[in-house]
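Below is one structure, written out as structure tokens; comments come after it.
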There are 2 protein chains.
Amino acid sequence: MTAPAHPTRPRRSDVTRAAILRAARERFAADGYERATIRAIAADARIDPSMVMRYYGSKEGLFAAAAEFDLRLPDLTDVPPGRFGAVLVRHFLARWDGDETLVALLRAASTNPGAAERMRGIFADQLTAAVATFGTDPATTARRAGLVASQILGLAFTRYIVRLPPMVELDPEEMVSWVAPTLQRYLTGQPDS
Amino acid sequence: MTAPAHPTRPRRSDVTRAAILRAARERFAADGYERATIRAIAADARIDPSMVMRYYGSKEGLFAAAAEFDLRLPDLTDVPPGRFGAVLVRHFLARWDGDETLVALLRAASTNPGAAERMRGIFADQLTAAVATFGTDPATTARRAGLVASQILGLAFTRYIVRLPPMVELDPEEMVSWVAPTLQRYLTGQPDS
DNA sequence: ATTGTGTGTCAACAGGTGTTGGCATACGGT
DNA sequence: ACCGTATGCCAACACCTGTTGACACACAAT
């Protein structure tokens with residue numbers, strides 16, 4: 001992600017670019033889009049605010065670069081269908097703890113339309129595509145993906161943003177045992193069953 | 001909520017106060033805490049920005065007044081235990097559509113610590129108190145309330161904030177039939193069942 | 001050694017923010 | 001009719017925001 005995609009000669013400023021991106025993710029995750037100021041991000045990266053503008057064009061551009069994200073949903077073809085839910089919850093919890101990009105995106109999506117659209121894209125495209133491989137009726141795929149997203153994002157919102165005490169204190173495996181059946185039903189079950 | 005609690009002589013400015021509060025809720029709900037400016041709120045209420053300061057002290061004070069909220073959780077003593085989930089989902093959907101205060105609180109909670117605390121209070125106190133009346137093991141009450149909050153807030157977040165298409169399009173009764181069993185299990189079930 | 005380009009700093013701009021104090025006016029009690 | 005108070009508007013303050021342009025330096029190629 002840091003290395004340039006094109007085989008250009010590596011730029012001397014790549015470390016600066018990376019430092020800006022890292023500081024931006026931290027600030028966006030901690031403060032949300034509007035409270036995270038370019039000046040604060042630049043100070044964290046120990047460079048001048050004008051560098052941010054030169055390398056990323058604008059605050060929106062910086063956020064777009066910092067919020068690049070891949071859910072890296074696991075391949076579920078080898079997983080027994082009855083364990084889809086558990087695998088997914090475990091994956092999301094790990095993904096969330098390991099990369100603050102998602103928290104940044106979650107915070108920003110509440111107030112920034114661009115961030116909301118990015119979030120929509122991630123959960124509508126990536127998650128729907130994964131759900132589609134489960135072999136359920138294609139007509140219900142989008143709905144199932146939406147319901148899964150609602151529980152996953154609700155989990156993240158209460159655990160990482162609002163920090164509801166019981167949701168913060170639940171250790172991952174307990175969380176899995178409670179939430180996995182929910183996803184399982186959204187993925188493969190029927191309503192009101 | 002608009003009428004003064006104390007039996008003081010009604011103030012001549014009550015209509016103005018109410019107009020400010022209504023405009024504030026709208027703006028906070030639409031734009032979040034930081035993007036909702038006092039000037040914009042005052043313009044909506046057709047008064048001068050300085051009036052907002054005089055009547056509510058500060059922007060924080062205005063938000064605190066605008067985010068006053070009661071979930072009005074229904075009395076569930078007459079409801080068959082097997083229908084707790086359905087009743088709750090239906091209640092929350094109606095509550096959310098009928099009062100934009102919750103959307104304002106939800107948006108603001110992502111970036112404003114005070115709003116997050118308010119949200120924590122509402123869902124930790126009001127919801128936990130309601131769950132406690134269900135007669136399950138008191139040691140698990142807070143956990144069950146937290147899980148219910150995670151699904152309810154995830155529903156609201158995806159439907160009203162991010163506006164994930166499948167979650168926006170689901171009509172209320174379909175939503176109930178999908179989500180009610182989840183709450184039902186969080187309330188009265190066991191993990192990994 | 002000289003040029004050109006990439007990297008970085010500094011100072012400033014224009015606009016918007018929450019907030020404040022002063023002043024005019026209209027009301028309600030006497 | 002008078003007076004104190006409540007209500008409202010206006011102008012301004014001090015600060016912070018994203019953004020821009022000019023200038024200094026370091027490096028690579030010639």
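Just so it is clear, the structure is predicted and the values come from calculations on it, not from any experiment. All chains are named by letter (A, B, ...) in the order of the sequence lines, taking the proteins before the strands, and each is independently numbered beginning at 1.
B/Tyr33 has its OH atom 14 Å from the P atom of C/dT17, to the nearest Å. For the pair B/Met51 CE and C/dT25 C1', the interatomic distance rounds to 13 Å; values are reported in whole Å. If you measure from atom CD1 of B/Ile47 to atom P of C/dT25, you get 20 Å, rounded to the nearest angstrom. In this structure, A/Arg27 places its CZ atom 12 Å from P of D/dG18, rounding to the nearest Å. Per the geometry, CG belonging to A/Asp31 stands 15 Å off P belonging to D/dC16, to the nearest Å. B/Met53 places its CE atom 16 Å from the C1' atom of D/dG8, with the value rounded to the nearest Å. Taking atom CD1 on B/Ile20 and atom P on C/dG18, their separation rounds to 14 Å, with Å as the unit.
Judged purely by distance below 3.5 Å, without hydrogens or angles, the side chains of B/Thr111 and B/Glu34 pair a donor atom with an acceptor atom. With hydrogens and angles left out, the side-chain atoms of A/Ser150 and B/Gln151 include a donor and acceptor closer than 3.5 Å. Side-chain N/O atoms of B/Thr182 and A/Arg185 include a donor and acceptor closer than 3.5 Å.
Between B/Thr16 and D/dG8 there is a side-chain polar atom (N or O) within less than 4.0 angstrom of OP1 or OP2.
Within the 4.5 Å cutoff, no side-chain heavy atoms of A/Lys59 are placed close to those of A/Val52. A heavy-atom distance below 4.5 Å is not found between the side chains of A/Ile41 and A/Asp44.
When the nucleotides C/dT17, D/dT7, D/dT19 are ranked by their closest atom to the side chain of B/Thr37, C/dT17 comes out on top. The side chain of A/Asp48 lies closest to C/dC10 when the candidates are D/dT19, D/dC9, C/dC10.
Take the nearest nucleotide of DNA chain D for A/Arg54 and for A/Glu34: the residue whose nucleotide is more 5' is A/Glu34.
Residues B/Val79 and B/Ile152 fall within the same hydrophobic cluster, defined by Ile, Leu, Val, Met, Phe, Trp and Tyr side chains chained together at heavy-atom separations under 4.5 Å.
For A/Arg11 and C/dG6, a side-chain-to-base donor-acceptor distance below 3.5 Å is absent, hydrogens and geometry of angles not being considered. Side-chain atoms of B/Ser50 and base atoms of D/dC10 include a donor and an acceptor less than 3.5 Å apart. For B/Arg39 against C/dG18, a side-chain N or O and a base N or O form a donor-acceptor pair under 3.5 Å.
Backbone-only engagement by B/Tyr55 is indicated by non-hydrogen atom pairs under 4.0 Å involving sugar-phosphate atoms exclusively.
Listed by residue number, A/Ser58, A/Lys59 are the residues of residues 57-64 of chain A with a heavy-atom contact under 4.0 Å to DNA chain D.
Remark: A/Arg144 fails to qualify as a cation-pi partner of A/Tyr186 under the 6.0 Å distance and 45° angle criteria applied to the six-membered ring.
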